[in-house]
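A short write-up of the structure that comes next.
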Amino acid sequence: MQHILQISDTHLGREPGPIRPGYPDSDRQLARVLEALRRNEARPDLLWLTGDLAEDPDPAAYTRLLAMLDEHVKGWPLAGLAGNHDDWTLLHRAFTGAGHALDGHRLLGDWLLVGINSAVAGQAYGRIEPAELSRLDQVLTAHPDHWGMVAVHHPVVPVGSAWMDRIGLTNPDDLFAILDHHPRVRACLFGHIHQDFRAERQGVELLGCPSTCVQFAPGSEQFALDTEHAGYRVLALHADGRIDTRVERLSGEFPEARA
């Protein structure tokens, strides 16, 4: 069995502290989540960071992110994705320079994990470019005997929040056309929505993750924050293709939002 942890939307600013009025300190929130991971979860086969790792794509934010990961979960296998707030080139340089993967794929036991870039420079919505779709198809084709899990930053289906659904993935049918040709793909993970989400499409689990920073209210017509605590997703990948998953939330006093 493979043990995967997902965190998403860390939104670290150029400097430590709240990134917007009404938000908690994103550095402190991430530290609390990483402390909970180290305290409550076994060392994973992969810790997957699924995008919007910085609020503003500044090298200092990525340097601080890597330092926090090294402080709290040193030695854990890591992989990342870029989100709409990230600069792919800066993030790629930071991650690969530290020995971590951005996008790419890896084999873990009976499973193949593939990270796909959906970020569009300067836009909140996402799109998977033809080259990425081709790479996904090629990797899945090359490993027909492995179960598959794909991760992308943007949600691949509507999540029921009107404002968020306008800035999701704009070409999900292109993605599903590939997944439908590879029946051993069992799950697609994503971030962006800052909330727990779970759906299913033709045997593929569609799983959204809370943010480590601040949460968005489910089912909202307009942008709205939620009072849920920050959280992360835990996945157990079994050799027969089954997936057990749960979302864990931080406990204790709700962090004070700062102006």
> Roughly how far, to the nearest 0.5 Å, is the CG atom of L78 from the CG atom of L66?
Replying inline: 8.0 Å

> Is the shortest side-chain N to carboxylate O distance from E55 to R20 below 4.0 Å?
Replying inline: yes

> Does L136 reach the side chain of L179, with side-chain heavy atoms less than 4.5 Å apart?
Replying inline: yes

>> Students often mix this up, so state it plainly: with edges at 30° and 60°, are the rings of W88 and H92 parallel, tilted or perpendicular?
In response: parallel

> What's the shortest heavy-atom distance between I193 and G208, and which atoms?
Replying inline: CD1-CA, 4.0 Å

>> Under a 4.0 Å threshold between the charged nitrogen and the carboxylate oxygen, would E71 count as salt-bridged to R64?
In response: no

> Is a salt bridge present between R184 and D110, judged by a nitrogen-to-oxygen distance below 4.0 Å?
Replying inline: no

>> Whether R135 and E132 form a salt bridge (side-chain N of Lys/Arg under 4.0 Å from carboxylate O of Asp/Glu) is what I want to check.
In response: yes

>> For Y62 and D87: C-alpha separation, side-chain torsions, deciding distance, then whether side-chain hydrogen bond (donor to acceptor under 3.5 Å, both in side chains) applies.
In response: CA-CA 10 Å; Y62 298 134; D87 181 297; over 6 Å; no

> Taking the side chain as C-beta and beyond, is there a heavy-atom pair between D56 and L12 under 4.5 Å?
Replying inline: no

> About how many Å separate NE2 of H105 and CE of M149, when rounded to the nearest 0.5 Å?
Replying inline: 16.0 Å

>> Using side-chain heavy atoms (C-beta onward) and a distance below 4.5 Å, is W76 in contact with L69?
In response: no

> Between Y125 and R166, is there a cation-pi geometry (under 6.0 Å to ring centre, at most 45° from the normal)?
Replying inline: no

>> In this structure, would M164 and F190 fall into the same cluster of hydrophobic residues linked by side-chain contacts under 4.5 Å?
In response: yes

> What heavy-atom pair brings S8 and G191 nearest, and what distance separates the two atoms?
Replying inline: OG-CA, 3.3 Å

> Is W48 reachable from F197 through a run of I, L, V, M, F, W or Y residues, each pair having side-chain heavy atoms under 4.5 Å apart?
Replying inline: no

> How long is the gap from CG on L46 to CG on L235, to the nearest 0.5 Å?
Replying inline: 10.0 Å

>> Using every non-hydrogen atom in the two residues, find where I7 and C209 come nearest and quote the distance to one decimal.
In response: CA-SG, 4.4 Å

>> The test is side-chain contact (heavy atoms from CB on, under 4.5 Å); show your working for N84 and Q123 and say whether it passes.
In response: CA-CA 6 Å; N84 50 287; Q123 302 295 335; over 6 Å; no

> Under 4.5 Å between any side-chain heavy atoms of P218 and E228, yes or no?
Replying inline: no

> C213 and Y23: which non-hydrogen atoms are nearest, and at how many Å?
Replying inline: SG-CD2, 4.1 Å

> Rounded to the nearest 0.5 Å, what separation is found between the OG1 atom of T10 and the CG atom of L53?
Replying inline: 4.5 Å

>> Between E205 and R186, does any side-chain N to carboxylate O distance fall below 4.0 Å?
In response: no

> Does the S26 side chain pair with the main chain of P18, one donor and one acceptor, at a distance under 3.5 Å?
Replying inline: no

>> Tell me whether Q6 contacts the main-chain N or O of P210 through its side chain, where contact means a donor paired with an acceptor under 3.5 Å.
In response: no

>> Does R246 form a salt bridge (charged side-chain N to carboxylate O under 4.0 Å, His left out) with D196? I'd like the steps, not just the answer.
In response: CA-CA 9 Å; R246 69 183 192 275; D196 181 12; over 6 Å; no

>> Could you walk me through whether R106 and L108 satisfy the side-chain contact (heavy atoms from CB on, under 4.5 Å) test, starting with their C-alpha distance in whole Å, then the side-chain angles of each, then the deciding distance to 0.1 Å, before giving a yes or no?
In response: CA-CA 6 Å; R106 67 179 61 201; L108 293 174; 4.2 Å; yes

> Got H3 and E41 here, is their nearest side-chain heavy-atom distance under 4.5 Å?
Replying inline: yes

> If every non-hydrogen atom of A31 is compared with every non-hydrogen atom of H72, which pair is closest and at what distance?
Replying inline: CB-NE2, 3.9 Å

> Is W147 linked to V139 within one hydrophobic cluster, defined over Ile, Leu, Val, Met, Phe, Trp and Tyr using a side-chain heavy-atom separation of less than 4.5 Å?
Replying inline: no

>> Grouping I, L, V, M, F, W and Y whenever their side-chain heavy atoms are under 4.5 Å apart, do I4 and V114 come out in a common cluster?
In response: no

>> With side-chain contact (heavy atoms from CB on, under 4.5 Å) as the criterion, how do L81 and I116 come out once you've worked through the C-alpha distance, each side chain's angles and the decisive distance to 0.1 Å?
In response: CA-CA 7 Å; L81 297 174; I116 297 296; 5.8 Å; no

>> For the backbone of A54 and the side chain of D86, can you confirm whether one donor and one acceptor N or O come within less than 3.5 Å of each other?
In response: yes

> With a 4.5 Å limit on heavy-atom distance, are the side chains of T141 and H182 in contact?
Replying inline: yes

>> To the closest 0.5 Å, what do you measure between CG (D244) and CG (L237)?
In response: 9.0 Å

> Does any N or O in the side chain of T170 come within less than 3.5 Å of the main-chain N or O of G126, such that one atom is a donor and the other an acceptor?
Replying inline: yes

>> One pair to check against side-chain hydrogen bond (donor to acceptor under 3.5 Å, both in side chains): D52 and H194. What are the steps and the verdict?
In response: CA-CA 11 Å; D52 278 358; H194 292 227; 5.0 Å; no

> Considering only heavy atoms from C-beta outward, does the side chain of R249 approach that of Y232 to under 4.5 Å?
Replying inline: no

> Closest heavy-atom contact between A224 and S220?
Replying inline: CB-CB, 4.1 Å

> If you look only at pairs with a residue in residues 153-172, which of them pass as a ring pair (Phe, Tyr, Trp, His ring centres under 6.0 Å), with sequence neighbours excluded?
Replying inline: H153-H192, H154-H192, W163-F216, W163-F223

>> Applying a strict under-4.5 Å side-chain criterion to I, L, V, M, F, W and Y, I'd like to know whether M68 and V73 cluster together.
In response: yes

>> Walk me through whether T245 and R233 qualify under side-chain hydrogen bond (donor to acceptor under 3.5 Å, both in side chains).
In response: CA-CA 7 Å; T245 185; R233 182 173 289 282; 2.9 Å; yes

> If you count the non-hydrogen atoms of other residues, nucleotides and ligands that lie under 6.0 Å from CD in E15, is the total more than 12?
Replying inline: no

> Just how far is it from atom CE of M1 to atom CD1 of I243, taken to the nearest 0.5 Å?
Replying inline: 12.5 Å

> Less than 4.5 Å apart, any side-chain heavy atom of N117 and any of I128?
Replying inline: no

